[in-house]
> 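Before I ask anything, here is the structure I am working with.
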Amino acid sequence: MSMRLEIVTDFTRLDMLSSEWQRLWGSDSRGEIFQTPGWARAWWRAYGQQFSLCTLLVHEGDRLVGILPLVKRGNTIRFLGTPQADYGDIICEESRAAEVLTVALEALQSSSNAWKECVLQHLAKHSRIVRHYKGLPAKLRGRLCVVPTDRYPTIVVRGKPREEVFAKFLVKHHTRRRRSKLHKAGLLEFRYLETAPEARKHLCDFFRHHVRRKMMMGRRSSCESSEFRHFLLALVEEIGLRKAFRFGVLELDSRPLAWAIGFQVNGKFLLYQHTFDLNVWDNSPGEVLMWHLLEYASKNVTREFDFGKGEEAYKKRFTNYARETFSLFLEPPNIAGEVRGRLRKATGYVHVATRSLKRTIQEHRPVLHIFRSCQGWLMQAATGVRHAWRRGELLKTVIDLPGSRGTTYLLGEGGVTERNIRRPAAGCDSGASISVGHLGDLVSLALESPLVLARSELPRCRQRLKHGDRVYIVRENSKVTLLCWLAIKASANARQCTQGSAVDSDRSALLLYECTSFSPSSASFRQLLSVLISEASTKKAELMVKCRTDQLVFRYELQRQGFLRSKRTQCSSRYASR
């Protein structure tokens, strides 16, 4: 029987064919979750307003034999579900793949006056499109360009006992040590959520921590998009937690530390999104989460564990295979399409060479460290110049380098005593509040107020917190006015900063080595000093404050509180360079 094509522009029509769609998808033993009707419905609910549906249905008589799920945005046609889907493909029976693909692509090419570009991304090497496109008619194949794009790290069972395959990843010494450390801290539990209300509650935490984690990596989180958040919530309803959708939570004494979202179909587990609480980063919750995911896979996965998109360094420690993916471009039959097709092929060769160079750099750790250091320095310099330009302080920023000029102040002769503590007047600090920040708070601050804290500064902030330093965030009427860093050091280090001053050699010292101000009033400085003086008094420690020469209000408040200028002005430059 001859085949006929139907172009669907109304999603209601696809919904009516969901049972036939599910039948075709089920005929592929390696079918991905991203080609199921549930995925399509959830994606369309979240993103449908931004696209026009142009899905191709291939019928043989009254029987549906193939689906090429496509959408159009502007003049570009792509897979329905991308870029959120990790894999794309045509949906049909294996024996009909070549002829269904021919009918669909020929019809698409004949309607090229309605589009300028057709890009089918995330095609796995074993996908039906990649395996069968070489058997298409020569005229049609000449309009196609298949370019290698990424490699997805994967653990493949390959006929071996799955317990044996996963065992070598579960016995890694470093991971076991991290897991034991968390076990000693309390009751550690990993579980998969089973009810939609509980999943929605944990998704709110997942969104917040995913944004923070990606920001620390210098990347933009997909969870910053309201559409993506709505999409994940829709997946819970459309796919179901007791079916293919897996939402796991790692908890310590019922406190969530890490989250993982994945899909389990056809003997395969695909890790889609995961994150952890930055405030417990030093306990490696992400690595412990990975251990529990692999332990689950060793008991429930029969084919493979797929880490999905991205070639992050940690994945290579847990994989035994890298799946290659491709993008297929269909060019319209005109001069512009011919030129673009040739450019695509040239770009493909460049991409292969670039990917090979990147892999070589990643395999040589010294070169990788140099590359990342240069990249971080350039990002930090560019961010500083951009923010200074916005504030109209570019020249001042270049001349007055951070930490280049400053004066160190000590609190009175002999340090903090009840006699030289000057109490603030009652009610004078009603508009200022101070809090001790954690890494998560700093990431949120960088997201909300990039002029206060640049994203490129976050790795340095993490190192400071890891070394035991403390950050104070002072606000006036909910607006950040001060961001200050405090180091707690022994008196030997303090004496190096205060030679010639009356410092008790038997006492430790609190050093406020950096204080960045953003249009603060004297109330902000007064509130900060009140907290520091109280802490120094409790710990019986010396209190030293480094004040830049251009912070006149801060310097006045220091003098008013009884601080004396140190004879050594360049104090502890290593603190400022952390």
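Hydrogens, waters and symmetry mates are skipped; everything else that's a heavy atom, side chains included, is used.
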> Can you name the residues that form a side chain to side chain donor-acceptor pair (under 3.5 Å) with His59, not counting sequence neighbours?
Glu6
> Just to verify, what does Glu238 make a side-chain contact (heavy atoms from CB on, under 4.5 Å) with, not counting sequence neighbours?
Arg41, Ala42, Arg45
> Indicate whether any N or O donor in one side chain lies under 3.5 Å from an N or O acceptor in the other, for Thr302 and Arg162.
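No, no side-chain donor-acceptor pair sits under 3.5 Å.
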> With sequence neighbours left out, what residues match Gln22 under side-chain contact (heavy atoms from CB on, under 4.5 Å)?
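With sequence neighbours excluded, Gln22 shows a side-chain contact (heavy atoms from CB on, under 4.5 Å) to Trp25, Pro37, given in chain and number order.
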> Could you tell me if Glu94 and His132 have a donor-acceptor pair between their side chains, going purely by distance under 3.5 Å?
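The criterion, which ignores hydrogens and geometry beyond distance, is satisfied for Glu94 and His132.
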> Can you give the donor-acceptor pairs under 3.5 Å from side chains of residues 72-83 to other protein atoms, not counting sequence neighbours?
{"residue": "Lys72", "atom": "NZ", "partner": "Ala114", "partner atom": "O", "Å": "3.1"}
{"residue": "Arg73", "atom": "NH1", "partner": "Gln50", "partner atom": "OE1", "Å": "3.4"}
{"residue": "Thr82", "atom": "OG1", "partner": "Phe79", "partner atom": "O", "Å": "2.8"}

> Output all residues satisfying side-chain contact (heavy atoms from CB on, under 4.5 Å) with Arg242, sequence neighbours left out; order by chain, then residue number.
Glu194
> Just checking, Arg176 and Trp291: is the charged tip under 6.0 Å from the six-membered ring centre and within 45° of the axis?
no
> How about Phe206 and Trp259: are their ring centres within less than 6.0 Å of each other?
no
> Taking 4.0 angstrom as the limit, do Arg63 and Glu20 come out as a salt bridge?
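A salt bridge is absent here (no side-chain N lies under 4.0 Å from a carboxylate O).
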> Decide, yes or no, whether a salt bridge links Arg13 with Asp10 under the criterion of side-chain N to carboxylate O below 4.0 Å.
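No, no charged N to carboxylate O under 4.0 Å.
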> If only side-chain N and O atoms count, and only distance matters, is there a donor-acceptor pair under 3.5 Å linking Thr149 with Thr325?
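Side-chain D/A pair, Thr325 to Thr149: present.
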> Can you tell me if Ser327 and Gln121 form a side-chain donor-acceptor pair at under 3.5 Å?
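There is no such pair between these side chains.
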> Quick test of your reading of the model: are Glu93 and Arg23 salt-bridged, counting only N-O distances below 4.0 Å?
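Arg23 and Glu93: salt-bridged.
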> Does the side chain of Arg158 pick up a donor-acceptor pair with the side chain of Tyr321 at under 3.5 Å?
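Result is no, nothing qualifies.
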> Measuring centre to centre across the rings, with the benzene-like ring taken for any Trp, is Phe263 within less than 6.0 Å of Phe245?
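Centroid distance Phe263-Phe245: below 6.0 Å, so yes.
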> Holding to side chain to side chain donor-acceptor pair (under 3.5 Å), I want the full list of residues that pass it with Tyr314, two or more places apart in sequence or in another chain.
His274
> Answer yes when Glu60 and Arg96 have at least one side-chain N-carboxylate O distance shorter than 4.0 Å, and no when they do not.
yes
